[in-house]
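This report concerns only the one structure given below.
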Amino acid sequence: MSIAKVEPLTTARALRGPFDYRLPAEMADLGVGSIVRVPFGHRRVLGVVVDLADSSELAPERLAEPIEALEAGAPPEMVRLGLWIAAEYCSTPSRGLQLVLPPGTGAAGQRVRSRQELRAEIATAGEAALSGGERLGVRQRAVLEALRAGEMSAPELAAAVGSDRAVLRRLEQRGLIATRSSRVRRASHHPAVGAPAGRPRLLAEQEAAVQSIVAALDGEAGAPRELLLHGVTGSGKTEVYLAAVEAALAHGRSAIVLVPEIGLTPQAVARFRERLGDRCAVLHSALPDGERYDEWRRLRSGEARVCVGPRSAVFAPLADVGLVVIDEEHDASYKQEGDPCYDARTVARRRAAESGAVLVAGTATPRPESWLELPRLSLPARVDGRPLPPVRVLDMRDGDPRSGPLHAETWAALEGVRAAGAKAIVMINRRGFAPWLTCRSCGHHWGCPNCDVSLIVHRDANRLVCHHCAHSERLPRACGECESTTLSRAGLGTEQVEALLAERLAPMPVFRLDADTTAARGAHARILAAFGEAESGVLVGTQMVAKGHDFPEVTLSAILDADATLRFPDFRAAERTFAMVAQLAGRSGRGEAGGEVVVQTLAPVASSIVHAAAHDAAAFLAEEVERRRALRYPPFSHLTRIVLRAESESRLERAAVTLADALVPTLPEETDLLGPAPMFRVRGRHRRRLLLKAEDRQATVAAVRDAVERLSRDRLLREVAIAVDVDPQ
Ligand code: ADP
Ligand code: ZN
Ligand code: ZN
């Protein structure tokens, strides 16, 4: 008898699968990764086969059979990876498996399928009918004429000669054509934003890096299989990835290339597509379901051998992966925010290790973790020997009020760009017009009714908007408390900077890139393309402007609030700030005209800013690693964060204390438990946080999982949501 162990795709935490089902003879070919619909209690649910067995502990008559198997399943090794994630990130098997299933597979079934298309071919009798003067309708004749040149699809025929299905059916009945149904690929469209054509000759450092990767691919003794490619911005890392991918393909292996959030990197995708053609598939969540499904199938079938995409591309259903590249490995978007809060960099290392692949993590600003743990390849200089741009740090603590939020030297530099007809990038880490609205007469301050935060003034939309929930309201003209009309907008956002620059730098065009201007599909690429094509101009925006793109005409980049990220109470604040300043600096001076960088800050002596200004990642990392060691922060410990949320504060408090009490006796020694500490309210829910600092990651995660599972069965705590984040960012 064959038994399938099936993990149901349900969200309940308290449910412990997998469950046994008896496979009927017609389902004997199901395997690990097959998706089945099964009876489950009074319901029918989808489940994933996670194992096969010859016998069950349950008597055969107590076992049910699956009702049906679905079109596409996941590869067995991906099922193992999904279950590993569930355990590693304190999630449920169902949530872990969901990550590796074909796109569009949900609890309800598979929303997407392959698209089939009718294709027609002329038959010998059809040829004869045309020349033999047989009676044919006008449309019928037109179809046959068209098919003489070769096979065509029904939609092509419809476009060419206006035929419909009825005409084709009639012709087929008469034996004049033959038709068949064939799977078509919904083509994904990726605008080529300045993808450079051709294949440059690699520089010596690039060549050396590629050689190390090839040695690892060859399995040479002593060649490290995980590598950090530390290359300053513009040092040609992407060319190294491309050569490494080609080498993996030449070894008969496949490759995965992870890039930061796709909206941010149309250029990177375009370069891979251009070089590798159809062997390269792109997977990301912004693709329409049908296209994503087709790309997934191409990877699963082996038609495509390279997958490029953001974090979820680590689950590409490729067989025999030989290379995994993580581009911009410092990027925060590799961490998933919802359950399971997996880190694609950690998953990539696991996947590479399991499939015997070489892992290459590349960046100009490595994380302290990678710096310590991975052997380094380095590209110390920009290609063509262009120098890194000089950085001027401008102290804003005693700012000149006349120059407003921009320092006089920042204005002068921008005016210089206008005079030279060049381009500039200006970054400000907040979207909207201004982050605070207050009444000058009575001091009233507009806050979000659902969250403990201020509402942000959005002047374009004429609204006050909460950046933590969906709340927005009309921008008031007068104070609701005292009816005064003197309202003050304090602080600075992208909209305001855009307005200031447009006014003072006219006629130089200003382009804004932030979450508001890029909400529409394709808008991000369009704005970058417009900036790229403009003769001269300024690109202003949030962190998005610092990422990945390559515009040689940019001679100035400016960051207006370099310490904004430093003020976060987070041990990664310094690392983030360093990366942000260094990345933004990397956007300037990529062309022959050279470039410069200005950094406005209230913390001009902070280590992250000083070292970023000197382009000295090694010095920054040396200090940062020591600081982390002293404070026992990652990579010298493992953090796990538990956030509890509830509408009722008393219920929440009780839950947090109960959870902490339940945890303490089960935690391994040397694990510190901090909290429960209050966090600010979001979406009408109060929040409490517990933070664990552990030596023994697995034992700690297991203790948390047990405690959370026990608590989620407790009726008293029903209305309390608990989220666990292992390795929080
Ligand atoms: P990075 O990824 O390190 O920022 P890129 O790979 O994007 O750098 O390279 C920066 C620019 O230099 C690109 O326009 C790229 O085409 C070009 N480039 C890279 N390597 C070479 C080379 N060996 N010779 C000439 N140009 C190169
Ligand atoms: Zn007032
Ligand atoms: Zn809100």
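Just so you know, ligand 1 is whichever comes first in the structure, and atom 1 is the first atom listed for that ligand. Computed from a predicted structure; not experimentally measured.
Taking 2.8 Å as the threshold, His468 does not count as a candidate ligand of the Zn ion (ligand 3), since none of its N, O or S atoms lies below it. At a threshold of 2.8 Å, the Zn ion (ligand 3) has a backbone or side-chain N, O or S atom of Cys466 nearer than that distance. Not one N, O or S atom of His444 sits under 2.8 Å from the Zn ion (ligand 2). Using a cut-off of 2.8 Å, one finds that His471 contributes no N/O/S atom close to the Zn ion (ligand 3).
By the 4.0 Å N-to-carboxylate-O rule, Asp725 lies close enough to Lys335 to be salt-bridged with it. Salt-bridge formation is not detected for the pair Glu575/Arg367: no Lys NZ or Arg NE/NH1/NH2 atom is positioned less than 4.0 Å from an Asp or Glu carboxylate oxygen. Using a 4.0 Å cut-off between charged nitrogen and carboxylate oxygen, Arg345 and Glu226 do not count as a salt-bridge pair.
Of the options Ala364, Pro200, Ala204, Gly231, the smallest heavy-atom separation from atom 26 (N) of ligand 1 is shown by Pro200. Among Arg271, Lys237, Arg201, Glu328, the residue whose heavy atom sits closest to atom 7 (O) of ligand 1 is Arg271.
Inclusion of Val383 in the set of residues having an N or O under 3.5 Å from an N or O of ligand 1 is not warranted.
The Gly236 neighbourhood of ligand 1 comprises atoms 1 (P), 3 (O), 5 (P), 6 (O), 8 (O), 9 (O), 19 (C), with distances under 4.0 Å to a heavy atom of that residue. Heavy-atom contacts of Leu203 reach the following atoms of ligand 1: 23 (N) (cutoff under 4.0 Å).
The local environment of CD in Glu337 is sparse, with at most 12 non-hydrogen atoms from other residues, nucleotides or ligands closer than 6.0 Å.
For Thr577, the side chain to side chain donor-acceptor pair (under 3.5 Å) criterion is met by Thr565, not counting sequence neighbours.
Under the salt bridge (charged side-chain N to carboxylate O under 4.0 Å, His left out) rule, Glu239 has a single partner from Arg271, Arg201, Arg199, which is Arg271.
Rounded to 10 degrees, the SG-metal-SG angle spanning Cys448 and Cys451 at the Zn ion (ligand 3) equals 110°.
Ring-plane geometry between Phe620 and Phe578 is classed as parallel, the angle between the planes falling under 30 degrees on a 0 to 90 degree scale with a further cut at 60.
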